[in-house]
Protein chains: 2
Amino acid sequence: MKTLRLNSNDRAVLLRSCFFERLPTAASSAILDDVVVSTHEEHDLLFAQGEALDHVFFVLSGLVRLYRLGKDGREADIAVFPKGELFGESAMFLGNRATANAQAIETTMLARIDSRKLRKLAERTPEIADALMQLLCRHAQMAEDCLAEDRLLTAPQRVASYILGNCPDGITNFSFRLPFQKNVLAGKLGLAPEALSRAFSALRRSGVTVKGRVIEIHDRQALERF
Amino acid sequence: MKTLRLNSNDRAVLLRSCFFERLPTAASSAILDDVVVSTHEEHDLLFAQGEALDHVFFVLSGLVRLYRLGKDGREADIAVFPKGELFGESAMFLGNRATANAQAIETTMLARIDSRKLRKLAERTPEIADALMQLLCRHAQMAEDCLAEDRLLTAPQRVASYILGNCPDGITNFSFRLPFQKNVLAGKLGLAPEALSRAFSALRRSGVTVKGRVIEIHDRQALERF
DNA sequence: GTTCTTATTTGATCGAGGTCAAACCACGAT
DNA sequence: ATCGTGGTTTGACCTCGATCAAATAAGAAC
């Protein structure tokens, strides 16, 4: 891991993100004031469950996976964060302890925001507090959505739901490129890679074509019904 | 559903709860100022997924279940809130729309806090904002814990984990009473009632005795190993 | 206590997905 | 173009937990 200062390009990425875009300039500047950037290689561990954690992380580029370890060494993905997302914020309110492991899925650059400082700033700046609450809420929703999908949907249905989540409504014919390896998608959906593969082949009958990372939908209705 | 005013006993319950206890008296009073109490019978629907929701709810007595519906009518529990818990707060940051259904599991009294007002108060009162952030965080953690347990543990392991969560550390011999029907516990753990029953009988071999709602542990170690 | 109703347990069966092994394919390096 | 490595798919098998049906137990109402 190498650390650098925040350059103006990184700064632009930060300011365009969902979290910062609604903040007044002064607030953003205060937060970004002493931010450091770190770079990580594929598979690098960013932090581990139970460890002290006094930063909140922003993904400047790359991809990060949040997961828990079972006693037997098996891993369960909690979330995957692409470029532009903020993560690790919940440790801030839970005694600065990480509740999961985080790993770089590919070469990744992170901006590290001092969490104590952020919390201080939130106290005096309602806009920051509000943005944090929205962030926490979104993350809670993501986890609840996952939980509900795990419990209600079969593997092909979860995959269908993922595809539909990437397809603008009203359109019936659509194609997009997976933002990561199938491997990673499988983890995110709580499936073994083999199960994901079989799910895709089950969806083929409903007009889904898979060529490498490119997914093509020919019949949105059929997917919704699945 | 019948609605009443907040009496002094209810008020005491509220002020002793995890959310309110850290707030300055002035802040609590401001929040509780125009709170109304509603009573609900077993099985009553409190609100439904997608509905407009402009209150945050506090469980004065009884038990509430939060769940999502699948296309086929099956239900997946997201959380169960006993007396003293606050719920429905995430709608406040998501356009005042409920993201799940809520149902009274038994006769229940709720205090209804106006969410717009609460949000306003949070803007001017850092302590309230902070308490809300902690609440959101706890709820996010609950969902993540559930998700990880669902993905990593078998049914008997989940039950063991639930029991251990109710057993103070360091003690090897312990007994407690389930705060709800096995039915409800099954839902909370993402199991069919039959599966819960079988899980209990699997744990019997590790020194767990179940008599009605009373669970008895004779060997904490064995449970932890399970 | 008796009876009725509702929870829980038990048995039997079935299907979704995990796991392991092997085939296959894609893509970067040479 | 060829080779090799690692991602992906396919096949075979097996386990866990869902489901349905039936038997019991536990409460509630009388």
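Letters A, B, ... are given to chains in the order of the sequence lines, protein chains preceding strands, and every chain is numbered from 1. Every value quoted in this text rests on a predicted model; they were computed, and no experiment measured them.
- Contact footprint of chain B on DNA chain C: nucleotides with an atom under 4.0 Å from a non-hydrogen protein atom, first to last in 5' to 3' order, C/dA7 to C/dA12.
- Annotation: salt bridge (Lys or Arg N to Asp or Glu O under 4.0 Å) contacts of B/Arg97 (sequence neighbours excluded): none.
- Near DNA chain C, defined here as any heavy-atom distance below 4.0 Å, the residues from residues 190-198 of chain A are A/Gly190, A/Leu191, A/Ala192, A/Glu194, A/Ala195, A/Arg198, listed numerically.
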Produce a footprint string for nucleotides 22-30 of chain D: one letter per nucleotide, 5' end first; B if the base is under 4.0 Å from any protein heavy atom, S if only the sugar-phosphate is, - if neither. ---------
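- A search for side-chain hydrogen bond (donor to acceptor under 3.5 Å, both in side chains) contacts involving A/Ser161 returns A/Glu149, not counting sequence neighbours.
- For the segment residues 65-76 of chain A, the set of residues with a heavy atom within less than 4.0 Å of an atom of DNA chain D is empty.
- For B/Arg112, the salt bridge (Lys or Arg N to Asp or Glu O under 4.0 Å) criterion is met by no residue, not counting sequence neighbours.
- Residues that satisfy the salt bridge (Lys or Arg N to Asp or Glu O under 4.0 Å) test with A/Arg11, not counting sequence neighbours, are absent from this structure.
- Identified under the ring-ring contact (aromatic ring centres under 6.0 Å, His included) test for residues 58-96 of chain A, with sequence neighbours left out: A/Phe57-A/Phe87, A/Phe81-A/Phe87, A/Phe81-A/His139.
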Name the atoms and distances for all side-chain donor-acceptor pairs under 3.5 Å in residues 163-183 of chain B, with sequence neighbours left out.
unit_1   : atom_1 : unit_2   : atom_2 : d
B/Asn166 : ND2    : B/Tyr162 : O      : 2.9
B/Lys182 : NZ     : B/Gly212 : O      : 3.0

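- Rounded to 10 degrees, the angle separating the terminal helix axes of the helix from C/dG1-D/dC30 to C/dT30-D/dA1, each built from five base pairs, is 40°.
- Residues satisfying the side-chain hydrogen bond (donor to acceptor under 3.5 Å, both in side chains) test with A/Thr99, not counting sequence neighbours, are B/Gln141.
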